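Take a look at the structure set out below.
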Amino acid sequence: MCPPEYFTVEYAINPWMDTATPVDPELAVKQWHQLRETLLDLGHTVHEITPEPGLPDMVYAANGAFVVDGTSYGARFRHRQRAAEATAHRAFYDAYGWRFVAPAETNEGEGDFTYLPDAYGGLILAGYGFRTSSTAHAEAQEVLGRPVVSLRLVDPRFYHLDTALAPLDDQNVAYFPGAFSVASQRVLAQLFPDAILADETDAFAFGLNLVSDGRHVILNSEATGMAAKVAAAGYTPVQVELSELKKGGGSVKCCVAELRP
Ligand SMILES: CN(C)C(=N)NCCC[C@H](N)C(=O)O
């Protein structure tokens, strides 16, 4: 995770960002700490990457890389405003001694990649259409040695895969079909017949931008419908307020990069 020390909305690179809407920096820091405490209370270890001035979106740590089986496939950001974040993330992984592979293709880390270790022997799902190039999917497959399923995102509000789809455990997902092309919807229905289907209201409340440990599902407090759906499926929803970070176009998942040894 990356503390939101320099978080602000000073440019707009997604439909959620509006430079005219003020951010409450103190509230952003408070909400971020509540998310961190929630993870710690659930028994997770949290490492912090040092925020850098001039990189207000660095709080969305999940965009900095995608780690599977101890290998970190680095990010290469679509927009110049975020480009320097990739270097900071690389330094973080180097300092921890992780194997790091620098990408040649544009990709935004866990924003557009996710991994299900028990689905089909270990499956990567990858989004494209707004940020990550589809060519990065093939690159990730070569780097990580796991099959990658490419999914096309079609709604600009759901510009990263992790705004439209989330693993609930090691083999099942929740997703909002309307965020995907018709063909990608068919692929998801084939791969995940037991998925929880979110609707537009759930997705709009960032209800899919969640972090799950397979039992507890941490999600945005505004996503009440999604909380009810995961509870009905036997998971325990844990709701956190992240109103300020939503102004930058992200929520729970965006703030948490998962390290998979
Ligand atoms: C799920 N993740 C990681 C995200 N969706 N990230 C949010 C990025 C927000 C940033 N202002 C941007 O537009 O890049």
Side-chain angles (χ1 to χ4, degrees), residues 1-2 4 6-21 23 25 28 31-32 35 39 49 51-52 54-67 72-86 88-89 92 106-115 125-133 136 151 153 155-167 173-176 179-180 198 202-212 217-220 222-223 226 240 242-259:
M1 295 182 74
C2 180
Y6 305 106
F7 173 66
T8 176
V9 178
E10 62 186 37
Y11 51 77
I13 56 172
N14 70 55
W16 302 88
M17 300 174 86
D18 174 6
T19 54
T21 303
V23 170
Q31 292 177 338
W32 182 88
L35 172 60
L39 287 161
I49 181 170
E52 295 189 9
L55 297 176
D57 275 337
M58 206 173 155
V59 64
Y60 304 111
N63 294 143
F66 175 51
V67 185
S72 176
Y73 171 57
R76 191 181 175 102
F77 286 84
R78 168 76 53 190
H79 296 288
R80 64 174 168 75
Q81 292 94 333
R82 300 197 66 187
E85 291 180 43
H89 282 276
F92 172 89
T106 299
N107 84 88
E108 298 200 348
E110 281 199 322
D112 274 319
F113 287 103
T114 194
Y115 181 59
L125 301 179
Y128 72 100
F130 297 103
R131 297 293 181 87
T132 294
S133 300
L151 301 164
L153 296 162
D155 184 330
R157 294 171 303 170
F158 310 118
Y159 57 96
H160 274 146
L161 181 70
D162 71 359
T163 62
L165 178 147
V173 298
Y175 66 95
F176 168 48
F180 297 91
D202 299 325
F204 196 68
F206 274 95
L208 290 161
N209 196 245
L210 59 81
V211 170
S212 174
V217 175
I218 309 174
L219 76 176
N220 195 299
E222 290 172 38
M226 198 59 209
V240 291
L242 280 179
S243 60
E244 296 314 292
L245 295 176
K246 191 178 169 194
K247 294 174 182 169
S251 187
V252 175
K253 173 59 206 153
C254 303
C255 295
V256 181
E258 198 174 329
L259 302 175

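Both ligands and their constituent atoms are indexed starting at 1 by order of listing. Since the model is a prediction, treat every value here as computed from it, not as a measurement. Any value given below was found using the heavy atoms of this structure, including those in side chains, with hydrogens, waters and symmetry copies removed. For the single chain, residues carry numbers from 1 onward in sequence order.
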- If you round to the nearest 0.5 Å, how far is CD of E85 from CD1 of I49?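 Output value for this atom pair is 8.5 Å.
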Give the atoms of ligand 1, by number and element, whose distance to some non-hydrogen atom of [X] is under 4.0 Å.
X: D57; answer: 10 (C), 11 (N), 12 (C)
X: A62; answer: 3 (C)
X: N209; answer: 1 (C)
X: D162; answer: 1 (C), 2 (N), 3 (C), 4 (C), 5 (N)
X: G248; answer: 9 (C), 10 (C), 11 (N)
X: N14; answer: 9 (C), 10 (C), 11 (N), 12 (C), 13 (O)
X: M17; answer: 11 (N)
X: H160; answer: 2 (N), 4 (C), 5 (N), 6 (N)

- Query: Donor-acceptor pair, N209 side chain versus D162 backbone, under 3.5 Å?
  - Reply: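 Looks like yes, one N/O pair under 3.5 Å.
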- Query: Looking only at atom types and distance, does a side-chain atom of N107 sit under 3.5 Å from a main-chain N or O of G74, one as donor and one as acceptor?
  - Reply: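 Pair found, side chain donor or acceptor close to backbone of G74.
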- Message: Would E10 and T19 count as a side chain to side chain donor-acceptor pair (under 3.5 Å) here? Give the steps.
- Response: CA-CA 5 Å; E10 62 186 37; T19 54; over 6 Å; no
- Query: What protein heavy atom sits nearest atom 6 (N) of ligand 1, and how far off is it?
  - Reply: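 Answer, as residue, atom name and distance: N63 OD1, 3.0 Å.
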- Task: Give the residue, atom name and distance (to 0.1 Å) of the protein heavy atom nearest atom 2 (N) of ligand 1.
- Result: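 Here the nearest protein heavy atom works out to C254 SG, 2.7 Å.
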- Determine the interplanar angle of the F158 and F176 rings, folded into 0 to 90°, and report it as parallel if under 30°, tilted if 30 to 60°, perpendicular if over 60°.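 Perpendicular.
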- Message: Other residues, nucleotides and ligands only: do more than 12 of their heavy atoms fall within 6.0 Å of OH on Y6?
- Response: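 Yes - once you tally the heavy atoms of other residues, nucleotides and ligands closer than 6.0 Å, there are more than 12.
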- Query: What part of R82 sits under 4.0 Å from ligand 1 if we count only heavy atoms: the side chain, the backbone, both or neither?
  - Reply: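 It is the side chain that gets close, since no backbone atom is under 4.0 Å.
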Using distance only, find each side-chain donor-acceptor pair of residues 248-259 under 3.5 Å and give its atom names and separation, not counting sequence neighbours.
unit_1 : atom_1 : unit_2 : atom_2 : d
S251   : OG     : N220   : ND2    : 2.9
K253   : NZ     : E110   : OE1    : 2.5
K253   : NZ     : V256   : O      : 2.6

- Ring centroid separation for F113 and F66, is it under 6.0 angstrom?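 Yes - the distance between ring centres of F113 and F66 falls below the 6.0 Å cut-off.
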- With a 4.0 Å cut-off on heavy atoms, does W16 reach ligand 1?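 Under 4.0 Å: no for W16.
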- Would you call R78 a ligand 1 contact, heavy-atom distance under 4.0 Å?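 No heavy atom of R78 comes that close to ligand 1.
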- Is it true that K246 and E222 have a side-chain N and a carboxylate O under 4.0 angstrom from each other?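 Yes, charged N to carboxylate O under 4.0 Å.
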